[in-house]
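In what follows, a structure is listed as structure tokens, so that the remarks can point back to it.
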Amino acid sequence: MTSCYIGRFAPSPSGPLHFGSVIAALGSFLQARSRGGQWLVRMEDIDIPRVQPGAADDILRTLEKLHLFWDGEVFYQSRGNAAYREAEALLESRQLLYPCACTRRDIQGQRYSGHCRNGLPPGKAGRSVRIKTTSEPVSFADRVQGVQWQNLQNETGDFIIRRADNITAYHLAVVVDDAWQGVTEIVRGNDLMDSTPRQIYLQELLGYPTPDYCHLPVAVNPDGRKISKQNHAPGVRTHSPSRVLHNALQFLGQGPDPALRDASIETVIDWGIKNWDLEKVPRLETIMFADDHRATATQV
Ligand code: GLU
Ligand code: ZN
């Protein structure tokens, strides 16, 4: 079967693959494979200060162990993409960008007020580059979470597209790479839902197609905190691959047969591809993942 479907998994190598990222990996993999589509892996290592040495290889070895085999070569953002600066130049030529002198401390975790929008304050030098936002709502129909919309001006403010350390910001890099790699649908964790309107805004300004979006529920600990590298979630590499995938299928509402826990990894993957149904994924933002074999559907 041929298909124009291109999906991807885009981990940041800031630690080993933990259960939270296995869900995004497996969900995007099954959504692509069940359609006969391609599945790419992109290593989002552009944020060099946050990269942990060895983590990229560790993630790839874990994906292989889980039989989540990707198509083609892994693309490493750190190897550079001339398209980042081309995209920036295009936005610049449309007078959408401006230098910003504010530090994180000036902003204090608040929405950016547009302080430097009409020119740098006297005596201040530009540090980062921001893009002007508008109050025109950006909306999209998420295939799991339903219709979403955001007023960027009020909710995020003008956002950074090149950081003070001269690194292309995540939102611009992700949009350029998805377009450049021809990604048609993005399946990822719901923790990135709030980023999506900024990314769609950039796609529209750059004349890129907007892919479909599926934001999967995010695994949280019984205390309600996201299972993430920031919370030092353990890597899954040491667990039995079939059990990890069985748990992830259960988490994603696919109702896997308990016997798959002890089946071969090939059997689990085959079952997943044949039975994958996006409609069964719980329409929840978070799901508590209590222990080794129980995902409790609780909205937090
Ligand atoms: N690299 C991002 C992360 O690991 C994901 C980016 C994306 O899926 O768009 O959180
Ligand atoms: Zn500023």
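Keep in mind it's a predicted model, so treat the numbers as computed, not measured. Counting starts at 1 for both ligands and their atoms, following the listed order.
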Quick check on Phe9 - does any of its heavy atoms sit under 4.0 Å from an atom of ligand 1?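 Flag not set, Phe9 not near ligand 1.
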Give a yes/no on ligand 1: does Gln199 have at least one heavy atom closer than 4.0 angstrom to it?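 For ligand 1, residue contact (heavy atoms, under 4.0 Å) with Gln199 is absent.
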Does the pair Arg111 and Glu155 meet the rule for a salt bridge (charged side-chain N to carboxylate O under 4.0 Å, His left out), with working shown? CA-CA 7 Å; Arg111 179 187 67 85; Glu155 292 182 49; over 6 Å; no
Is the closest N or O pair between Ala10 and ligand 1 shorter than 3.5 Å?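 N/O-N/O distance below 3.5 Å exists for this pair.
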Any chance the rings of Phe29 and Phe9 have centres within less than 6.0 Å?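 They do not qualify: ring centres at least 6.0 Å apart.
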Counting heavy atoms only, name the option from Asp45, Leu192, Asp177, Val183 that's nearest to atom 10 (O) of ligand 1.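 That would be Leu192.
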Begin from the C-alpha positions of Thr156 and Tyr112 and carry the test side chain to side chain contact (heavy atoms under 4.5 Å, CB included) through to its verdict. CA-CA 7 Å; Thr156 69; Tyr112 182 67; over 6 Å; no
Got a salt bridge between Arg50 and Asp45, using NZ or NE/NH1/NH2 to carboxylate O under 4.0 Å?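 Looking at Asp45 together with Arg50, the answer is no, because their closest N to O distance does not fall below 4.0 Å.
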Do Arg8 and Asp177 sit within salt-bridge range, that is, some charged N less than 4.0 Å from a carboxylate O?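 Salt bridge between Arg8 and Asp177, a charged N being under 4.0 Å from a carboxylate O: no.
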Determine whether the side chains of Asp106 and Thr103 contain a donor N or O and an acceptor N or O closer than 3.5 Å.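 Checked: Asp106/Thr103 side chains pair up, N/O donor to acceptor below 3.5 Å.
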Could you name all protein N, O or S atoms found under 2.8 Å from the Zn ion (ligand 2)?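 Metal shell, protein only: Cys100 SG, Cys102 SG, Tyr112 OH, Cys116 SG.
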Any atoms of ligand 1 less than 4.0 Å from a non-hydrogen atom of [X]? List them with their elements.
| X | value |
| --- | --- |
| Val174 | 9 (O) |
| Arg8 | 7 (C), 8 (O), 9 (O) |
| Arg188 | 7 (C), 8 (O), 9 (O) |

Would you mind telling me if ligand 1 is within reach of the side chain of Asp191, the backbone, both or neither, using heavy atoms under 4.0 Å?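 Asp191 to ligand 1: no contact under 4.0 Å from either part.
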If we set the cut-off at 4.0 Å for heavy atoms, which region of Met43 has an atom near ligand 1: side chain, backbone, both, or neither?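 For Met43, there is no contact with ligand 1 at all, from either part.
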Closest non-hydrogen atom pair, Arg143 against Cys214: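 The answer is CB-SG, 3.8 Å.
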Under the criterion salt bridge (charged side-chain N to carboxylate O under 4.0 Å, His left out), I'd like the reasoning laid out for Glu92 against Arg94: C-alpha separation, chi angles, the key distance, then a yes or no. CA-CA 5 Å; Glu92 175 69 47; Arg94 298 180 58 187; over 6 Å; no
Taking the six-membered ring of Tyr201, is the NZ or CZ of Arg198 close enough (under 6.0 Å from the centre) and on axis enough (within 45°)?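 Not flagged: Arg198 not positioned over aromatic ring of Tyr201.
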Find the distance between NE2 (His171) and CD (Gln199) and round it off to the nearest 0.5 Å.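 If we round to the nearest 0.5 Å, His171:NE2 and Gln199:CD are 6.0 Å apart.
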